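Encoded as structure tokens, the structure appears first; notes follow it.
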Amino acid sequence: MRKAVLFIVLLCVAINSAKKASDEEKPAWAKKDIRDYSDADLERLFDQWEEDEEPLPEDELPEHLRKPPALDLTKLDMSKPESVLQATKKGQTLMMFVSVANKPSKARTEEITKIWQTSLWSNHIQVERYLVDDDRAIFMFKDGSQAWTAKEFLVEQEELKEVQLESQTYPGKKPDVKNKSVRDEL
């Protein structure tokens, strides 16, 4: 019982000693109504909020703040520029543009690129797909080193016009072959 009374007394003392800062002690931006805060005021408030936080672990940082993986240049074959690019893009987000041949409709492009995406996922290549035009899509890789394996797969596909990866254009090997398994939608 004594411990409970002592705890309550200490709690009351702690609450009374924690005081709100007076208006004279606050900076000018803190005296404003929150609806009148500018972007700079909100940024200062956010910095104040974050100053006592522990830093995030490496795997939770945004990609631009992470340290790039260690790259051993002695193990790379410098005569093959694609293998060097592949090694330098490991762990980084990379985008690839994929164009479908034969002037397809948007529905057909959706279906063909979905099949290609599923095939890549089945081979443990994680890729997100975004249509940007009736005959064009962006394939986004979280691990950029997988993009070159995907490129080798895609250039062999029927109805692929071209793949653009790191400012290089790779034409499809069978652009004029019409894929029979994919239906045309009206």
Side-chain angles (χ1 to χ4, degrees), residues 39 42-43 46-47 50 53-186:
D39 288 341
L42 290 173
E43 189 65 32
F46 179 72
D47 290 341
E50 293 287 318
E53 290 291 318
E54 293 180 20
L56 288 173
E58 182 75 22
D59 62 336
E60 291 182 18
L61 286 172
E63 184 178 326
H64 68 280
L65 295 177
R66 288 186 217 146
K67 295 176 189 165
L71 185 62
D72 188 5
L73 296 175
T74 59
K75 294 181 180 178
L76 293 177
D77 184 7
M78 294 298 181
S79 64
K80 297 179 182 174
E82 282 191 3
S83 66
V84 174
L85 270 175
Q86 185 174 0
T88 59
K89 297 300 179 182
K90 183 152 185 71
Q92 296 179 5
T93 301
L94 186 76
M95 292 190 306
M96 169 194 294
F97 290 93
V98 178
S99 297
V100 180
N102 305 324
K103 298 180 183 164
S105 64
K106 190 167 189 160
R108 186 173 182 91
T109 301
E110 172 85 24
E111 193 167 2
I112 290 172
T113 56
K114 188 186 301 181
I115 290 170
W116 294 342
Q117 178 188 23
T118 304
S119 299
L120 290 168
W121 271 91
S122 296
N123 286 306
H124 307 288
I125 297 175
Q126 296 180 0
V127 61
E128 297 298 323
R129 173 183 51 93
Y130 305 98
L131 288 185
V132 292
D133 205 356
D134 284 350
D135 65 341
R136 198 168 159 104
I138 292 177
F139 280 25
M140 188 175 74
F141 302 87
K142 293 289 182 187
D143 182 1
S145 65
Q146 294 179 330
W148 280 266
T149 308
K151 185 251 324 170
E152 293 301 322
F153 166 76
L154 289 170
V155 296
E156 297 293 331
Q157 300 305 305
E158 296 177 353
E159 292 194 72
L160 177 89
K161 181 178 178 183
E162 65 185 18
V163 171
Q164 291 180 345
L165 176 63
E166 289 293 299
S167 303
Q168 295 288 327
T169 301
Y170 304 94
K173 293 183 179 176
K174 304 173 190 174
D176 296 327
V177 177
K178 192 115 168 141
N179 191 336
K180 305 287 189 277
S181 63
V182 181
R183 301 183 319 265
D184 259 329
E185 299 290 328
L186 295 178

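Remember, predicted model here, so these are calculated numbers, not experimental data.
The side-chain heavy atoms of Lys151 and Gln168, taken from C-beta on, include no pair separated by under 4.5 Å. Put simply, the side chain of Val100 reaches to within 4.5 Å of the side chain of Trp116, judged on heavy atoms. The shortest distance between side-chain heavy atoms of Thr109 and Asp133 does not fall below 4.5 Å. Using a 4.5 Å cut-off on side-chain heavy atoms (C-beta onward), Trp148 and Leu94 make contact.
Checking side-chain atoms of Gln157 against main-chain N and O of Phe153 turns up a donor-acceptor pair under 3.5 Å. Side chain of Gln126 to backbone of Lys142: no donor-acceptor contact under 3.5 angstrom is found.
Every side chain to side chain contact (heavy atoms under 4.5 Å, CB included) that Gln164 has, sequence neighbours left out, goes to Phe97, Arg136, Glu162, Thr169. Scored by the side chain to side chain contact (heavy atoms under 4.5 Å, CB included) test, Glu53 finds Glu50 as partners (sequence neighbours excluded). For the salt bridge (charged side-chain N to carboxylate O under 4.0 Å, His left out) test, residues two or more places apart in sequence or in another chain that qualify with Lys90 are Asp143. Every residue two or more places apart in sequence or in another chain that forms a side chain to side chain contact (heavy atoms under 4.5 Å, CB included) with Lys161 is listed here: Ser99, Ala101. Evaluation of the side-chain hydrogen bond (donor to acceptor under 3.5 Å, both in side chains) rule for Gln117 yields Arg129 as partners, not counting sequence neighbours. Applying the salt bridge (charged side-chain N to carboxylate O under 4.0 Å, His left out) criterion to Lys114, with sequence neighbours excluded, gives no partner residue.
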query: Can you check side chain to side chain contact (heavy atoms under 4.5 Å, CB included) on Lys103 and Asp135, steps first, answer last?
result: CA-CA 7 Å; Lys103 298 180 183 164; Asp135 65 341; over 6 Å; no

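The distance from the CE atom of Met95 to the CZ atom of Phe139 is 13.5 Å, given to the nearest 0.5 Å. For the atom pair OG1 of Thr113 and CZ of Arg108, the computed distance is 11.5 Å after rounding to the nearest 0.5 Å. Rounding to the nearest 0.5 Å gives a distance of 4.0 Å between CD of Glu156 and NZ of Lys173. Rounding to the nearest 0.5 Å places CG of Leu154 at 5.5 Å from CG of Leu120.
Environment of CG in Asp39: sparse, with no more than 12 heavy atoms of neighbouring residues, nucleotides or ligands closer than 6.0 Å.
When every heavy atom of Leu61 is checked against every heavy atom of Arg66, the shortest pair comes out as O-NE, 3.0 Å.
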